[in-house]
Undergrad: 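One structure follows; several queries about it will come next.
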Amino acid sequence: MAKIILPTLETERLILRPLTVDDADAIFKWTGDSRVNKYMIYPLYKKAEDGREWLESLYEDKDKIDYGFVLKETGELIGSGGLYYHPDIDVWSVGYNLAYDYWNHGYTPEAITRILEYVQSKNDVHAIAGTFAIGNEGSRRVMEKLGMTFYEDCEYTKLDGSETFKAKTYHKIF
C-alpha cells in the first residue's frame, strides 16, 4: 500500500510535518514519560524502539492525519497529533500528545487548529470530537480552546487493558 503524502504546514510558532521512524528517539520524550502517559490510551513506552511499529504504520490511511509538532525557534520535535475520520458516524476525532516541558503554552490548540484547517480544505468536515479522562484538565482546556463543548460522559480503556478511565467526550459541529 502506498503511503499518504502530507504537506508540511506552519503556524506562528510551529512547523507541522509528517513523522518518520527516525523520530523514535524524539517521541520517546513524551511516550516514555509517565506524566504525559497517565491518561493516554497507549501503554507507557519503556524504550524508544517501542514507538517504531506505530511510526511505521502512519500514513497508510487517508482518514488518519498525523503530524509532528516542531518548534520553529529550536527545530525540536515536541509533540504530535492529528485528526482521524470515523465514517460510520461522520466525525473526525482529535488526538494529541505533547512533551511535558511544553504543556500550558498553547501549542496543542495552535497545531490542531492548523491541522483542522488543512483537513477542512480537503474534506467536508461536519463535526470533530475528542475524549479525555476526568482529571485531565489540560486536555479539557485544549478542546475548549478548539471550540468544543460537552457531548457525553463515557469511559475508555488503555490498549493493554491495564486501566479504565471515566471520561468525557466533547464535540464541535460545523
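Treat the numbers as computed from the prediction; the structure is a model and nothing was measured.
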Undergrad: Measure from the side-chain N and O atoms of Tyr59 to the backbone N and O of Asp66, and report whether any donor-acceptor pair falls under 3.5 Å.
TA: yes
Undergrad: Identify the two heavy atoms, one from Glu110 and one from Glu12, that lie closest to each other, and give their separation to 0.1 Å.
TA: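 Heavy-atom minimum between the residues: OE2-N, 3.6 Å.
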Undergrad: Which atom names give the shortest non-hydrogen contact between Leu98 and Val36, and what distance separates them?
TA: O-CG2, 3.6 Å
Undergrad: Give a yes-or-no answer on whether the side chains of Tyr96 and Ser139 include a donor-acceptor pair shorter than 3.5 Å.
TA: yes
Undergrad: Whether Arg141 and Glu137 form a salt bridge (side-chain N of Lys/Arg under 4.0 Å from carboxylate O of Asp/Glu) is what I want to check.
TA: no
Undergrad: So, Tyr85 side chain and Lys62 main chain: donor-acceptor pair closer than 3.5 Å or not?
TA: no
Undergrad: Nearest 0.5 Å, please: how far is NZ in Lys145 from CZ in Arg140?
TA: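 So the CZ of Arg140 and the NZ of Lys145 are separated by 10.5 Å.
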Undergrad: Are Met40 and Tyr107 joined in one hydrophobic group, where the rule is that I, L, V, M, F, W and Y side chains link up if heavy atoms are under 4.5 Å apart?
TA: yes
Undergrad: Between Tyr39 and Phe132, is the gap from one ring center to the other below 6.0 Å?
TA: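 Aromatic pair excluded; centres sit 6.0 Å or further apart.
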Undergrad: Quick check for you: to the nearest 0.5 Å, what is the distance between Asp50 atom CG and Leu55 atom CG?
TA: 11.0 Å
Undergrad: Looking at Lys72 and Thr11, would you say the former's side chain and the latter's main chain have a donor-acceptor pair under 3.5 Å?
TA: yes
Undergrad: Would you call Arg35 and Asp33 a salt bridge, taking side-chain N to carboxylate O under 4.0 Å as the test?
TA: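 Yes.
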Undergrad: Do the side chains of Lys3 and Glu60 get close enough for a salt bridge, i.e. N-O under 4.0 angstrom?
TA: yes
Undergrad: Of all residues at least two apart in sequence or in a different chain, which pass the salt bridge (charged side-chain N to carboxylate O under 4.0 Å, His left out) check with Glu163?
TA: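 Glu163 satisfies salt bridge (charged side-chain N to carboxylate O under 4.0 Å, His left out) with no residue once adjacent residues are dropped.
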Undergrad: Look at the side chain of Lys29 and the backbone N and O of Leu77, then say whether any donor-acceptor pair between them is shorter than 3.5 Å.
TA: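 Yes, the answer is positive, given that a donor and an acceptor are paired below the 3.5 Å cut-off.
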Undergrad: Counting N and O atoms only, with roles assigned by atom type, does the side chain of Lys64 sit under 3.5 Å from a partner on the main chain of Gly82, one being a donor and the other an acceptor?
TA: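 Flag not set: sc Lys64 to bb Gly82 has no pair under 3.5 Å.
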Undergrad: Has Trp30 got a side-chain atom pairing as donor or acceptor with Ile78's backbone, closer than 3.5 angstrom?
TA: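 It does not hold such a pair.
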Undergrad: If you round to the nearest 0.5 Å, how far is OG1 of Thr31 from CG of Leu44?
TA: 8.0 Å
Undergrad: Hey, can you pull the donor-acceptor pairs under 3.5 Å for the side chains in residues 115-129, sequence neighbours left out?
TA:
residue : atom : partner : partner atom : Å
Ser121  : OG   : Tyr118  : O            : 2.6
Asn123  : ND2  : Val119  : O            : 3.2
Asp124  : OD2  : His126  : NE2          : 3.2

